[in-house]
J.: 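What follows is a structure written as structure tokens; I'll ask about it next.
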Amino acid sequence: MNIAELKLELIRKIIATNDLTILMKIEAELNNIQQTIHEVNEPPTTYIKTEKVLILNEWQQARIDISLKQIENGDFISHEEDQLELEKWFQEQEK
């Protein structure tokens, strides 16, 4: 079992339990760990779809961060503008 699989298995077990004592112990342990670790190894962002949890790797998170920064800076074109550029390109190729 690799790290990602173990994390998912732990998440499933946490979701399945209704034992408040166990959940509080897990929370306390994680809080203790967070206090000693200054840098997280994995990106904090997760996307939840139904019961599956997707944890992005560093490369994926970096690509998303770059894309978000481009959007903030206005470095993008609309779908309509893209379609016009493609149409122009196709017309040039036909010549």
Side-chain angles (χ1 to χ4, degrees):
M1 179 179 291
N2 63 33
I3 291 175
E5 292 169 335
L6 178 58
K7 288 179 180 182
L8 290 174
E9 183 61 29
L10 290 172
I11 290 168
R12 283 187 203 101
K13 288 179 179 180
I14 291 170
I15 291 170
T17 188
N18 290 322
D19 188 326
L20 183 59
T21 305
I22 291 174
L23 293 172
M24 290 176 72
K25 286 179 182 179
I26 293 169
E27 181 183 31
E29 187 62 33
L30 291 173
N31 287 339
N32 288 337
I33 291 169
Q34 280 185 329
Q35 289 175 357
T36 60
I37 297 176
H38 297 291
E39 189 174 306
V40 178
N41 291 333
E42 293 208 13
T45 307
T46 59
Y47 298 93
I48 300 174
K49 181 179 179 182
T50 63
E51 293 183 9
K52 294 181 180 179
V53 177
L54 173 62
I55 299 174
L56 302 174
N57 64 35
E58 290 179 29
W59 179 85
Q60 291 168 321
Q61 186 64 51
R63 291 299 304 153
I64 290 171
D65 292 342
I66 290 169
S67 297
L68 291 172
K69 188 60 88 173
Q70 288 173 330
I71 291 169
E72 287 175 13
N73 295 334
D75 297 333
F76 65 93
I77 61 173
S78 69
H79 178 69
E80 292 79 15
E81 290 172 309
D82 181 53
Q83 293 302 310
L84 289 173
E85 284 187 21
L86 280 174
E87 186 61 36
K88 286 180 188 176
W89 184 82
F90 284 126
Q91 289 174 358
E92 290 172 3
Q93 298 305 310
E94 291 176 353
K95 292 180 182 179

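Source: prediction; values computed, not measured. Along the sequence shown, residues carry numbers from 1.
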J.: When rounded to the nearest 0.5 angstrom, what distance separates CG in Leu23 from CD1 in Ile14?
T.: 7.5 Å

J.: Do Lys69 and Asn73 touch side chain to side chain, with heavy atoms closer than 4.5 Å?
T.: yes

J.: Is Phe90 reachable from Ile77 through a run of I, L, V, M, F, W or Y residues, each pair having side-chain heavy atoms under 4.5 Å apart?
T.: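 They do not share one cluster, since no chain of ILVMFWY contacts under 4.5 Å joins Ile77 to Phe90.
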
J.: May I ask you to decide whether Glu9 forms a salt bridge with Arg12, counting only side-chain N to carboxylate O separations under 4.0 Å?
T.: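 Looking at Glu9 and Arg12, the cut-off is met.
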
J.: Hey, what do you get for CD1 (Ile26) to OG1 (Thr21), rounding to the nearest 0.5 Å?
T.: 11.0 Å

J.: Distance check, rounded to the nearest 0.5 Å: Asp75 atom CG versus Ile66 atom CD1?
T.: 12.0 Å

J.: Looking at CD of Glu85 and CD of Glu81, how far apart are the two atoms once the value is rounded to the nearest 0.5 Å?
T.: 7.5 Å

J.: Starting from Leu8, can I reach Ile15 by hopping between I/L/V/M/F/W/Y residues whose side chains sit under 4.5 Å apart?
T.: yes

J.: Rounded to the nearest 0.5 Å, what separates atom OG1 in Thr17 from atom NZ in Lys13?
T.: 11.0 Å

J.: Considering residues, nucleotides and ligands other than Asn2, do more than 12 of their heavy atoms fall under 6.0 Å from its CG?
T.: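 It does: Asn2 CG has more than 12 such atoms within range.
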
J.: Less than 4.5 Å apart, side chain to side chain, heavy atoms only: is that true for His79 and Gln83?
T.: yes

J.: Going only through I, L, V, M, F, W and Y residues with side-chain contacts under 4.5 Å, is there a path from Leu56 to Leu68?
T.: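 Both belong to a single hydrophobic cluster.
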
J.: If you measure only the distance, is there a donor-acceptor pair under 3.5 Å linking the side chains of Asn57 and Gln61?
T.: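 Their side chains do not contain a donor-acceptor pair, so the 3.5 Å distance test is not met.
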
J.: Would you give the length of the straight line joining atom CD of Glu27 to atom CD1 of Ile22, rounded to the nearest 0.5 angstrom?
T.: 14.0 Å

